[in-house]
Amino acid sequence: MQQLGALEDLPHEYREALTAQNLVPLWPSLRALLPPGKPALRTRPTCWPYATVRPLLLQAGELTPIEKAERRVLVLANPGHGLEKMQASASIYLGMQLLLPGEWAPAHKHTPNAVRMIVEGEGAYTTVDGEKCPMSRGDLILTPTGLWHEHGHDGTGPVVWLDVLDLPLVYYTETSYHTEGKEQQVTATLGERNYAHGGLVPSPLFARGSDRCYPMLRYPWVEARAALTSLAQTQAPTEAVQVAYVNPETGADCQNILGYSALMLRPGETLTLPVRSPAMVFHVIEGSARIDVDGTAFTLGPADTCCAPGYTPVTLHNGFSSEAAFIFIADESPLHRKLGVYEVRP
Ligand code: 1HN
């Protein structure tokens, strides 16, 4: 490959003349912008064990009242991007949020899309677009772009959830902002009930399609788990047991930018994932797994979270011979497909 000229090769006065006119020579940066064969990856394989996050999050509950935080969150920041960037990967933001009994996180809406994966506790709920969604371990609740949302807690113990947002991308595109709102009236029954039976959607008077862009906001863990365990009974042992969280009206990804799925690792199973362009996040719901990201191995138990950069080999292994592991996965594939940069490497 041709070695290109460096900035230092240019006369000092010439460089100053360029700078004074807001001009920059491309060739000294061309190889860094377009590295050969594979992108330069800032995203580092990183693990956030819940045993280390939880006490610090509970301490935040003592140090900072909810009124002073609005959302009491510890961000899972990837050191490869710099902690101050508060991103897990190029397009994924992760945070662990704590809500204590009686607390209230007031209504707002914003341009980034969010989902919540409930990690611990009972009695909290989030109201999204007038739909009051109860929160239980493993439930996935969508808060798509532009929908009002607020969180409350009628229970007795701490409730913790994992927030996943496309905030780094939305922020980068200079489209990130929020609007404060008033407490919502609960106006809708749970939309999920209309899609509780596979392959059947409401079709009143032969019409088809909901008038809502996001007809299903809550994906209960009992349903996702049941789908995985029944798939495991019919799937060939060589096929991965994985389900995608989709819009039940269209079958498309449930959100525009990040994709969500749940995976069951059978007892003793080892799964080598295809090497793909999107970065991924793994969060263990039940059981445990060893996740090997190009030679960096993490052992994850319930509520532990890790991330892997794109273009990188990832192997998942369930060392238990008797118990299945259930893993929630977030990735950047809807974004990569829309951009036309989605790749699977041989
Ligand atoms: C947000 O609105 C929530 O509503 C949580 O709970 C985390 C992180 C960045 C920006 C907005 C929430 C967030 C957030």
Side-chain angles (χ1 to χ4, degrees), residues 48 53-54 56-57 60-61 64-78 81-121 123-136 139-155 158-184 186 214 217-219 254-258 260 281 283 305 307 328 330 332 335:
W48 297 271
V53 175
R54 188 179 190 274
L56 294 166
L57 191 54
T64 306
I66 192 72
E67 296 75 22
K68 287 284 175 196
E70 219 167 274
R71 300 296 192 263
R72 194 191 288 108
V73 176
L74 293 181
V75 178
L76 313 186
N78 193 304
H81 288 270
L83 298 184
E84 72 290 350
K85 290 282 171 53
M86 297 197 284
Q87 54 194 95
S89 75
S91 305
I92 305 177
Y93 158 103
L94 297 175
M96 283 282 181
Q97 182 161 172
L98 169 69
L99 200 63
L100 293 169
E103 288 186 337
W104 178 250
H108 69 187
K109 61 179 182 177
H110 42 66
T111 46
N113 295 277
V115 303
R116 334 258 163 225
M117 164 50 54
I118 315 311
V119 175
E120 175 183 338
Y125 58 89
T126 179
T127 305
V128 183
D129 197 25
E131 213 176 284
K132 185 173 174 179
C133 303
M135 295 168 136
S136 282
D139 292 349
L140 184 74
I141 301 173
L142 310 187
T143 308
T145 178
L147 299 192
W148 293 108
H149 57 283
E150 62 211 72
H151 318 304
H153 189 349
D154 298 333
V159 167
V160 177
W161 63 82
L162 176 69
D163 290 312
V164 188
L165 283 83
D166 48 23
L167 180 63
L169 177 81
V170 176
Y171 184 77
Y172 176 75
T173 54
E174 298 189 348
T175 54
S176 180
Y177 71 95
H178 89 285
T179 311
E180 281 181 26
K182 313 191 293 289
E183 183 172 341
Q184 293 176 80
V186 176
Y214 301 94
L217 294 173
R218 177 170 176 266
Y219 297 73
C254 67
Q255 286 193 341
N256 282 326
I257 295 175
L258 300 180
Y260 300 98
V281 167
H283 171 84
T305 306
C307 74
F328 169 66
E332 299 168 329
L335 172 69

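All ligand and atom numbering here is 1-based and tracks the order in the structure.
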Gap separating the CD atom of Glu70 from the CD atom of Glu150, nearest 0.5 angstrom = 12.0 Å
To the nearest 0.5 Å, tell me how far Cys133 SG sits from Asp139 CG.
-> 9.0 Å
Under 3.5 Å: N/O of [X] near N/O of ligand 1:
X      : answer
Tyr93  : no
His108 : yes
His149 : yes

Ring centres under 6.0 angstrom apart (Trp161, His151) = yes
Of all the non-hydrogen atoms in the protein, which one sits nearest to [atom], and at what distance?
atom                    : answer
atom 10 (C) of ligand 1 : Leu165 CD2, 4.0 Å
atom 7 (C) of ligand 1  : Asp163 OD2, 3.6 Å
atom 6 (O) of ligand 1  : His151 NE2, 2.6 Å
atom 4 (O) of ligand 1  : Arg71 NE, 2.8 Å

Do you know the tightest heavy-atom contact between Pro168 and Gln87?
->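 Taking every non-hydrogen atom into account, CG-CB, 3.6 Å.
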Ala330 and Tyr260: which non-hydrogen atoms are nearest, and at how many Å?
->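 Taking every non-hydrogen atom into account, CB-CE2, 3.6 Å.
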Do Ile92 and Leu258 have side-chain heavy atoms sitting under 4.5 Å apart?
->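 They are in side-chain contact.
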Which one of Glu150, His178, Arg116 has a non-hydrogen atom at the shortest distance from atom 3 (C) of ligand 1?
->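 Nearest option to atom 3 (C) of ligand 1, by heavy atoms: Arg116.
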Enumerate the atoms of ligand 1 whose separation from the nearest heavy atom of His110 is less than 4.0 angstrom.
->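 Every atom of ligand 1 under 4.0 Å from some heavy atom of His110: 1 (C), 2 (O), 11 (C).
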Of all the atoms in ligand 1, which lie at a distance below 4.0 Å from a heavy atom belonging to Leu167?
->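 In order of number, 9 (C).
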Show me the donor-acceptor pairs within less than 3.5 Å that the side chains of residues 107-121 make with the rest of the protein, sequence neighbours left out.
from   : atom 1 : to     : atom 2 : distance (Å)
His108 : NE2    : Arg71  : NH2    : 3.1
His108 : NE2    : His149 : NE2    : 3.0
His110 : ND1    : Pro112 : O      : 3.1
His110 : NE2    : His149 : NE2    : 3.1
Thr111 : OG1    : Thr175 : O      : 2.6
Thr111 : OG1    : Tyr177 : N      : 3.1
Asn113 : OD1    : Thr145 : N      : 2.8
Asn113 : ND2    : Asp166 : OD2    : 2.8
Arg116 : NH1    : Asp163 : OD1    : 2.5
Arg116 : NH2    : Thr143 : OG1    : 3.3
Glu120 : OE1    : Tyr50  : OH     : 2.7
Glu120 : OE1    : Arg54  : NE     : 2.8
Glu120 : OE2    : Arg54  : NE     : 3.3
Glu120 : OE2    : Arg54  : NH2    : 2.6

